Amino acid sequence: MKNMKYLLLRRVTQIGLLVLYFGANTYGWNILAGTFGSSLLFGTIPLADPYTTLQVLATGFVLGADVLLGALIITFFYFVVGGRAFCAWVCPINMVTDLANWLRRKLNLDKEEVNYRFLKRNARYWIMVLGLIVSAIVGIAAFEVLSPITIMQRGIIFGFGMGFAVVVAIFLFDLFGIKNGWCGHLCPLGATYSLIGKASLIRVNHNHEACTNCMACKVVCPENHVLYMVNKESIMVTDGECTNCGRCIDVCNDDALNFSIRNYFKEK
Amino acid sequence: MENSNNRRKFFTMTLQSVGLTALGGLLWSGYSHEVKASPLVLRPPGAIKESDFLSACIKCGLCAEACQNRKTNIDKETGKAREGTLIMAKGGDSKLIGTPYFIPTEVPCFMCEDIPCVPVCPSGALDFASLANEKQELDINKARMGLAVIHKESCIAFWGIQCDACYRACPLLDEAITLEYQKNERTGKHAYLLPIVHDNICTGCGLCEQACVTEKPAIFVLPREVSMGKAGDHYVKGWDKKDQERVKDAKSQETTTERSKESASDYLNSGGEYR
């Protein structure tokens, strides 16, 4: 059970949050209401997704102060806990793509992978910027029209309708299409959190002395280029694309990887 | 040599990224533009102009949750919560996904006095100020969610059958819908009781549509932009001071049409076509 610790913690967090959101609508709970776009914590504290907020601002609409404050709170929160901690610990699509990824390994699909050279991991940053441009042109928050994240979340809270197809599509894309295709290449929300996470406080630390070069961490890591230092240097994983999911820590049998607080002065 | 190869590769890659981004942008813009075109949608009270609403709504669902969990939504007999009025658009609903709307024949708006759905809106898509009276209190009667329209050929009251279901269901009884009496010439001894909707009072709550007894309601709510005409600046009620105020910004526009060179009788006698 030792090597499931962070995985289980993440599932508890992800599902727990969804239960709170679901209960807010169905039973009138006053803990966490709304959706990821904008929420209300304990009926008073506003929370809002930074990228969604940017899209609405790009349409030219002057948003209410609650949303702006909420976006600031969320940005600060993920600045502390690691930008893409949202992706690994909160986002419901993560469970879908993790399942696809796990099946890929079980079915040996990774070995057969076609090299889709046109789709690079930096595509998400282009999509992020493009989403804002399209929002400005069309006058609606463009990514929200097709975001599987909020479609899945609203599906769980208010009922799926045909929205379920989007979630299935993401699953098939990640399973039979490109490895980590959605979260690791396309999702502009993840890209935004990557940028926030570039400077975040809590990060994974690698201890080169303890590492036995088994590479188990690189097999499970959904963004394994961030682990370039494994068995090379004793430094922290500072790449914003690291989701702080902690799977590498789970699978490491040598205690060479651990969460740690970043020391900004030492890096210089 | 290697250097120039690298440079060429860099330019090719950049060109490719820009090209693919442009392609994606075109598809994305086209799709987004199509999905926002659903003019027959009824929004919650206080919703700002539809085109602005589509950009402003952050799709959080707080309005729908407040509607679902309002105190008045508890069934007195079973003690359980009934279905809320506001629906969050799902895939397949053919509305902009994630935005709130309602369908009067399913669950109309019951016009709660405290309007729970409006103050919770964080983005400003539902405008508190548009529903506030002089004392800064919420007044649901100021809501303009839509406007009821009557199709008189299928309305049985217009046939001469006595029916006042919509009139009775209206929360603004005898104000938003009034009954006009007319003599039924067919029988010579009965009266028509004709429902007439008044657009300056109707909130578009849809209770009339739900109450209508015909197979498909003869009275139904449409968004105001759809159900209302507009006289424009060319016509003014000369006897009405207020109406003259309406056209005070009208600009005179002079158009000159070139004088026709053909003779007036041409089209009658030459067998040509009308012009």
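Note on naming: letters A, B, ... go to the chains in the order of the sequence lines (proteins, then strands), and numbering restarts at 1 for each one. Please read these numbers as outputs of a predicted model, since none were measured by experiment.
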Student: Quick one, A/L146 and B/W28 - any side-chain contact, counting heavy atoms below 4.5 Å?
Tutor: yes

Student: With a 4.5 angstrom heavy-atom cut-off, is it the side chain or the backbone of A/I157 that approaches chain B, or both, or neither?
Tutor: side chain

Student: Is A/F164 close to chain B through its backbone or its side chain, or both, or neither, when contacts mean heavy atoms under 4.5 Å?
Tutor: neither

Student: Check whether any side-chain heavy atom of A/S38 sits under 4.5 Å from a side-chain heavy atom of B/P122, and report yes or no.
Tutor: yes

Student: If you count heavy-atom pairs under 4.5 Å between each of B/A22, B/S123, B/G25, B/G84 and chain A, which one has the most?
Tutor: B/S123

Student: Which bit of A/T150 comes within less than 4.5 Å of chain B, counting heavy atoms only: side chain, backbone, both or neither?
Tutor: neither

Student: Can you give the donor-acceptor pairs under 3.5 Å from side chains of residues 79-89 of chain A to other protein atoms, not counting sequence neighbours?
Tutor:
residue: A/R84; atom: NH1; partner: A/E223; partner atom: OE2; Å: 2.8
residue: A/R84; atom: NH1; partner: A/E241; partner atom: O; Å: 3.1
residue: A/R84; atom: NH2; partner: A/C183; partner atom: O; Å: 3.2
residue: A/W89; atom: NE1; partner: A/N244; partner atom: O; Å: 2.7

Student: Is there a side-chain contact between A/Y27 and B/N69, using heavy atoms and a 4.5 Å cut-off?
Tutor: no

Student: Heavy-atom distances under 4.5 Å only: say whether A/T26 touches chain B with side chain, backbone, both or neither.
Tutor: backbone

Student: Is it the side chain or the backbone of A/F143 that comes within 4.5 Å of chain B heavy atoms, both, or neither?
Tutor: both

Student: Are the side chains of B/K59 and A/T52 in touch, meaning some heavy atoms are under 4.5 Å apart?
Tutor: no

Student: Which bit of A/L130 comes within less than 4.5 Å of chain B, counting heavy atoms only: side chain, backbone, both or neither?
Tutor: both

